[in-house]
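Order of the sequence lines sets the chain letters (A, B, ...), proteins ahead of strands, with each chain counted from 1. Just so you know, these numbers come straight off a predicted model, no measurement behind them. Because only heavy atoms are used, hydrogens play no part in the values below, and waters and symmetry mates are left out as well, while side chains stay in.
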Number of protein chains: 2
Amino acid sequence: MQRPTIKTIAQETGLSIATVSKALKHSPQVRPETRAIVIEAATRVGYELNMHGVQLRTGKTYQVAAIMTAPGPKQNEWEGVEYAQLLSGISWALEDSPYRVSLYAVRNFEESQAVIKQIVSLKKADGIIISGTRADDPRIRTMQAADFPFVTYGTSIHNAPHAYVDADNEQMIRVSMARLVERGHRRIALLNPLSELSYGITRLEAYKRALEVAGLPYDPALVAHGRLTPAFGRENVLTMSELSNAPTAYICANEASALGAFSGFHERGLVHGRDAVINATDDLNVSQYFAPPITTYYLPISEPSSLLGAYILRRMEGEPPEALQTLLMPNLIERCDDRLNPNR
Amino acid sequence: MQRPTIKTIAQETGLSIATVSKALKHSPQVRPETRAIVIEAATRVGYELNMHGVQLRTGKTYQVAAIMTAPGPKQNEWEGVEYAQLLSGISWALEDSPYRVSLYAVRNFEESQAVIKQIVSLKKADGIIISGTRADDPRIRTMQAADFPFVTYGTSIHNAPHAYVDADNEQMIRVSMARLVERGHRRIALLNPLSELSYGITRLEAYKRALEVAGLPYDPALVAHGRLTPAFGRENVLTMSELSNAPTAYICANEASALGAFSGFHERGLVHGRDAVINATDDLNVSQYFAPPITTYYLPISEPSSLLGAYILRRMEGEPPEALQTLLMPNLIERCDDRLNPNR
DNA sequence: ATGCACGATAAAAACGTTTAACTTTCTTGT
DNA sequence: ACAAGAAAGTTAAACGTTTTTATCGTGCAT
């Protein structure tokens with residue numbers, strides 16, 4: 001017993017396969033009564049569309065490529081863990097569509113560039129979702145040049161307008177700096193992502209501007225750029241806390257680096273709240289379990305991820321990218337008062 | 001300028017498309033010289049196999065479905081983060097094959113059952129990788145009944161033999177219990193995954209056996225089953241530490257629950273090493289950044305994940321499942337001496 | 001020489017769908 | 001009453017492969 005095709009339905013109803021095909025996709029060329037007959041037969045025989053036929057005929061793949069940059073297998077650091085939730089969010093957003101998420105794990109930026117070129121030139125997917133955008137991102141240029149639908153998690157700075165979703169890093173840094181300054185802090189450290197990443201730049205600029213507004217000097221020794229691992233947070237606390245003029249507050253770009261910062265505190269015998277405080281951006285709501293729980297700017301990762309899914313669908317439908325740009329402001333969750341300790 | 005097909009090569013070489021097809025797949029029916037001509041023409045015109053044609057003709061999808069159970073979007077807990085690494089490991093293992101990882105995110109067990117039935121009956125993939133196996137897993141029965149290639153991350157107990165990869169939970173619990181007992185602990189808590197999961201059962205049995213060997217009584221109040229979130233670890237420490245006869249050691253099934261256990265320590269004013277100790281299973285090498293770092297049984301998730309990829313490939317080639325079963329013993333990483341504090 | 005097997009290639013069909021082009025029937029306005 | 005046009009359906013081709021079957025020389029034994 002073979003799987004039924006439109007041919008089966010055609011025989012069953014006495015119609016031609018063309019009519020069946022049209023009926024199933026609600027073409028106005030077929031009468032409602034005829035369509036009803038076709039639908040009835042289809043459900044009766046348990047018909048399911050065979051995508052391979054469609055794909056060959058139309059050239060569409062019904063795949064959305066998710067490019068996931070994760071460090072190589074030997075690299076045992078807690079990094080990129082939020083990808084799991086990101087991917088599931090995207091997958092759920094595509095649930096009611098015929099599209100599937102196809103995973104492309106790459107080790108670094110160069111590999112992601114190569115993979116994207118391949119997907120675009122060989123049409124291995126109908127849309128692409130990338131993250132880790134740079135100020136001037138060559139992958140974006142590749143996709144734009146080929147007029148290929150894509151959405152980025154993260155903004156770019158020098159590229160032509162495109163669809164994106166991102167946290168509102170500028171506002172977040174502005175708000176968090178103002179809050180810390182208001183609480184008496186004068187030496188605030190910024191643990192930032194890799195400097196080539198677009199949001200690293202955005203955050204740094206916002207940081208500098210906030211210092212200016214507060215009338216505080218900019219000290220490069222209080223800014224670090226790197227892969228946002230616990231090791232990164234730890235090492236920077238270890239070095240910065242040894243400065244003659246050590247920071248009294250650390251702003252960490254994610255929860256992994258914040259965890260590492262805590263590890264640095266422990267190593268140096270620093271006590272959170274007494275010697276310095278840590279604030280962080282949090283995607284996974286894990287900072288509430290730190291000891292002590294810290295103040296975070298929390299953006300549940302399900303929000304950007306479902307937007308990414310929705311946007312790539314709309315982009316593939318042909319919607320212009322300008323309509324598909326969103327900055328999400330994370331929620332401030334105050335778990336400490338974070339005031340500067342006057343007798344530290 | 002269209003993308004070249006085998007027809008292009010046929011015209012280019014004067015051969016028939018049949019011969020070109022055979023030459024490209026190294027059929028013995030075609031002479032080496034002819035094959036050379038074909039290969040040359042193929043590279044010259046930049047030919048790439050069009051999978052849609054292959055898929056329609058052969059019925060193969062060249063997709064490996066990875067079923068990822070993640071809590072729904074509203075559920076903001078740190079859970080399942082190791083999936084990111086798991087997926088990238090699988091993806092890399094398939095890198096040199098024509099197969100791609102297709103992601104199926106599901107919210108719960110029932111959904112995963114439904115999704116698998118669909119994949120199997122509609123042949124939406126050539127192989128499936130699942131995790132979170134149960135003692136008697138209906139999904140495994142579904143796939144076995146349809147003779148569908150699959151590999152599980154986690155063993156089963158009552159199912160017929162199948163391909164799997166898992167940590168050696170039995171040995172791990174035996175070793176860690178012996179080590180804690182040797183260090184003077186008499187009240188050891190077990191923070192276990194959901195009781196219906198196969199490895200939850202394995203761990204519990206091993207735990208009971210270890211108690212028996214050590215001549216210690218089994219106390220159900222020291223065993224908890226649940227979703228391995230930080231909240232779970234925290235809550236159980238909060239309740240267990242209030243027992244008249246509180247545990248002096250906690251064995252946590254993953255790093256998320258261990259983090260939560262620390263949060264519980266902090267809340268109760270317990271000090272690690274003085275009042276009790278925490279040991280954990282760690283996939284992501286994150287426990288080293290806890291304050292203090294704790295002793296873990298560390299299995300870099302890249303190992304099982306690349307095995308999963310390798311096994312599903314071999315399974316799809318027809319290799320019998322019995323040859324594709326591996327238990328991996330995690331490495332003990334001692335970061336504390338974990339001795340029972342006599343004057344606690 | 002004749003027939004036969006064999007090796008190498010060609011021809012053709014098939015996988016399941018969409019869609020351009022065509023046919024038939026029915027409406028409608030004059 | 002009749003041409004024009006719309007409505008509804010059919011025919012046939014096409015997408016790019018693989019694979020079964022057919023064809024055609026060529027070398028070999030008889």
Per the salt bridge (charged side-chain N to carboxylate O under 4.0 Å, His left out) rule, what does the pair list look like for residues 300-316 of chain A, sequence neighbours excluded? A/Arg314-A/Glu319
If you look only at pairs with a residue in residues 152-163 of chain A, which of them pass as a salt bridge (charged side-chain N to carboxylate O under 4.0 Å, His left out), with sequence neighbours excluded? none
If only atom types and distance count, is the side chain of A/Ser156 paired as donor or acceptor with the main-chain N or O of A/His158 below 3.5 Å? no
What parts of residues 36-55 of chain A reach DNA chain D, counting only heavy atoms under 4.0 Å away? none
Separation of atom CD in A/Gln11 from atom P in C/dG16, rounded to whole Å: 12 Å
To the nearest angstrom, the NZ-C1' distance between B/Lys123 and C/dC15 comes to 15 Å
Whole angstroms only, please: what is the CD1-C1' distance between B/Ile17 and C/dA8? 17 Å
Hey, does B/Leu15 reach any base, or is it just sugar-phosphate, or nothing, if we go heavy atoms under 4.0 Å? sugar-phosphate
Under 4.0 angstrom between A/Thr34 side-chain N/O and D/dA8 OP1 or OP2: no
Whole-Å gap separating C1' (D/dG16) and CG (B/Leu24): 13 Å
Between B/Arg57 and B/Ser16, whichever has its closest DNA chain C nucleotide further toward 5' is B/Ser16
Sequence neighbours excluded, every pair satisfying salt bridge (charged side-chain N to carboxylate O under 4.0 Å, His left out) that has a member inside residues 51-65 of chain A: none
Would you list the atom pairs, donor with acceptor, under 3.5 Å between side chains in residues 21-29 of chain A and any protein atom, with sequence neighbours excluded?
| unit_1 | atom_1 | unit_2 | atom_2 | d |
| --- | --- | --- | --- | --- |
| A/Lys22 | NZ | A/Gln29 | OE1 | 3.4 |
| A/Ser27 | OG | A/Gln29 | N | 3.0 |

What's the closest nucleotide to the B/Thr19 side chain, out of C/dT9, D/dT10, D/dC15? C/dT9
N/O to N/O distances under 3.5 Å, protein versus nucleotides 20-28 of chain C:
none

Whole angstrom is fine here: how far is it from NZ in B/Lys25 over to C1' in D/dT17? 9 Å
Under 4.0 Å, heavy atoms only, any strand: does A/Thr5 hit a base, just the sugar-phosphate, or nothing? sugar-phosphate
Between B/Lys7 (NZ) and C/dA12 (P), how many Å, whole number? 14 Å
Residues that A/Lys124 engages under side chain to side chain donor-acceptor pair (under 3.5 Å), provided they are two or more places apart: none
Starting from the 5' end of DNA chain C, give me the residue, B/Val30 or B/Thr58, whose nearest nucleotide shows up first. B/Val30
Rounded to whole Å, CD1 of A/Ile6 lies from C1' of C/dT19 at a distance of 11 Å
Double-helix bend of the helix from C/dA1-D/dT30 to C/dT30-D/dA1, axes at both ends from 5 pairs, round to 10°, gives 60°
All side chain to side chain donor-acceptor pair (under 3.5 Å) counterparts of B/Ser198, not counting sequence neighbours: B/Thr155
Residues two or more places apart in sequence or in another chain: which of them pass side chain to side chain donor-acceptor pair (under 3.5 Å) with A/Ser112? A/Arg139
Starting the side chain at C-beta, find the nucleotide from D/dA8, D/dT10, D/dG16 nearest to A/Arg31. D/dA8
Just the rounded figure in Å: distance from C1' of D/dT18 to OH of B/Tyr62. 10 Å
Where is the tightest heavy-atom contact between B/Leu103 and A/Arg100, given as atom of each residue plus distance? O-NH1, 4.1 Å
Distance col, row B/Thr142:OG1 vs B/Gln118:CD, nearest 0.5 angstrom, shows 13.0 Å
Set of ring-ring contact (aromatic ring centres under 6.0 Å, His included) partners for B/Tyr99, sequence neighbours left out: B/Tyr62
Under the rule for side chain to side chain donor-acceptor pair (under 3.5 Å), what residues qualify as partners of A/Glu111, not counting sequence neighbours? A/Arg107
